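Nothing here was measured: the structure is a model prediction, and the numbers come from that model.
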Amino acid sequence: MEKILVSACLMGRKVRYDGSAKTSSAAVLADWRAEGRLVSFCPEVAGGLPVPRPAAEIEGGAGGAAVLAGTARVLTSGGDDVTAEFVAGARAALEAARSAGARMAVLKEGSPSCGTLAIYDGSFAGRKNPGQGVTTALLERHGIRVFGEDRLDEAAGYLRTLER
């Protein structure tokens, strides 16, 4: 059975920066959970960040690949550099996916770790740019396909191709 790495906040765990969850009520996630497919994971907590914690964004909205390349940082709203924690969390997510044999992930859109199509632009003004979070960039670099929680139909289709 194919395993799927999933953002812990989507599964109801209160691990977000503000101490909340972003629990998904999507039937497909509930089905996958009941089937025992899901590997719940929060890269930011795994990287050593506390709950709650200050909001963080990738400077200049540069994206996760730039962070992994060392050309951009992840900064909190107070200006603290949390790049090392985000990179450590991404590496831990990759290890969790590999350990479970997961070839796909469903992650929280918009997050500086987990964003798949858009991330906040680094201004802390609520604006988004196209781009990926640090964890998404690392997972995809290693062949793990990542979907945001708003693309579950596409994720379900991909899962069917994996299981053929």
Side-chain angles (χ1 to χ4, degrees), residues 1-53 55-58 63-69 74 82-83 85-120 128-164:
M1 174 184 354
E2 288 291 330
K3 296 289 189 171
I4 303 164
L5 189 73
V6 63
S7 290
C9 63
L10 295 175
M11 302 311 320
R13 293 201 35 227
K14 295 180 178 182
V15 294
R16 288 175 46 84
Y17 74 96
D18 60 1
S20 70
K22 280 286 186 180
T23 309
S24 173
S25 60
V28 69
L29 282 180
D31 291 346
W32 290 344
R33 180 183 233 168
E35 293 168 1
R37 292 183 184 276
L38 300 182
V39 177
S40 180
F41 196 84
C42 177
E44 293 173 24
V45 171
L49 294 172
V51 178
R53 57 188 170 273
E57 297 183 7
I58 300 171
V67 173
L68 293 169
V74 184
V82 290
T83 305
E85 290 88 343
F86 273 74
V87 171
R91 289 181 180 146
L94 176 60
E95 181 55 36
R98 284 180 166 166
S99 292
R103 296 187 286 170
M104 64 181 284
V106 174
L107 302 181
K108 179 70 189 108
E109 191 59 73
S111 158
S113 287
C114 298
T116 65
L117 298 176
I119 56 171
Y120 288 95
K128 291 183 182 179
N129 284 345
Q132 296 179 326
V134 180
T135 297
T136 295
L138 186 64
L139 291 175
E140 291 215 335
R141 180 182 292 174
H142 289 274
I144 298 168
R145 182 87 181 270
V146 183
F147 301 89
E149 79 278 10
D150 55 346
R151 294 170 44 221
L152 290 172
D153 287 343
E154 188 179 344
Y158 185 70
L159 177 62
R160 285 189 294 275
T161 68
L162 290 176
E163 292 187 321
R164 286 189 187 133

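Identified under the salt bridge (charged side-chain N to carboxylate O under 4.0 Å, His left out) test for residues 155-164, with sequence neighbours left out: Arg37-Glu163. Residue pairs satisfying the ring-ring contact (aromatic ring centres under 6.0 Å, His included) criterion with at least one member in residues 18-38, sequence neighbours excluded, are absent.
Checked by atom type and distance alone, the side chain of Thr23 never pairs as donor or acceptor with a backbone atom of Leu10 at under 3.5 Å. Lys108 contributes no side-chain N or O that, together with a main-chain N or O of Ala8, makes up a donor-acceptor pair within less than 3.5 Å. No donor-acceptor pair closer than 3.5 Å links the side chain of Glu44 to the backbone N or O of Arg16. Looking only at distances, no side-chain donor or acceptor of Thr135 sits under 3.5 Å from a matching main-chain atom of Cys114.
In terms of heavy-atom proximity, Cys9 sits nearest to Ala21 at O-CB, 3.8 Å. The shortest heavy-atom contact between Val51 and Val15 is CG2-O, 3.6 Å. For the residue pair Ser113 and Pro43, the shortest heavy atom distance occurs at CB-CG, 4.1 Å. Residues Leu139 and Ala105 come closest through the heavy atom pair CD1-CB, 4.2 Å. Nearest approach of Gly110 to Tyr120, heavy atoms of both residues: O-CD1, 3.3 Å. Residues Ala137 and Leu68 come closest through the heavy atom pair CB-CD1, 3.9 Å.
No salt bridge links Glu109 with Lys22; every basic N to acidic carboxylate O contact stays at or beyond 4.0 Å.
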Side-chain atoms of residues 95-104: list all donor-acceptor pairs with protein atoms under 3.5 Å, sequence neighbours left out, distances to 0.1 Å.
unit_1: Glu95; atom_1: OE2; unit_2: Ser99; atom_2: OG; d: 3.0
unit_1: Arg98; atom_1: NH2; unit_2: His142; atom_2: ND1; d: 3.0
unit_1: Ser99; atom_1: OG; unit_2: Glu95; atom_2: O; d: 3.0
unit_1: Arg103; atom_1: NE; unit_2: Glu2; atom_2: OE1; d: 3.3
unit_1: Arg103; atom_1: NE; unit_2: Glu2; atom_2: OE2; d: 3.3
unit_1: Arg103; atom_1: NH2; unit_2: Glu2; atom_2: OE2; d: 2.3
unit_1: Arg103; atom_1: NH2; unit_2: Leu162; atom_2: O; d: 3.2

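Residues that satisfy the ring pair (Phe, Tyr, Trp, His ring centres under 6.0 Å) test with Tyr158, not counting sequence neighbours, are Phe147. Listed by chain and number, the residues in a salt bridge (charged side-chain N to carboxylate O under 4.0 Å, His left out) with Arg33 amount to none (sequence neighbours excluded). For Glu57, there are no salt bridge (charged side-chain N to carboxylate O under 4.0 Å, His left out) partners, not counting sequence neighbours.
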side-chain contact (heavy atoms from CB on, under 4.5 Å) between Ser40 and Arg13, intermediate numbers included:
CA-CA 9 Å; Ser40 180; Arg13 293 201 35 227; 4.2 Å; yes
Can you list the steps and then say if Arg151 with Leu117 is a side-chain contact (heavy atoms from CB on, under 4.5 Å)?
CA-CA 10 Å; Arg151 294 170 44 221; Leu117 298 176; 3.6 Å; yes
Could you go through Val134 and Val74, starting from their C-alpha distance and side-chain angles, then the distance that decides it, and tell me whether this counts as side-chain contact (heavy atoms from CB on, under 4.5 Å)?
CA-CA 9 Å; Val134 180; Val74 184; 4.2 Å; yes
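Counting only heavy atoms from C-beta outward, the side chains of Pro112 and Ile119 never approach each other to under 4.5 Å.
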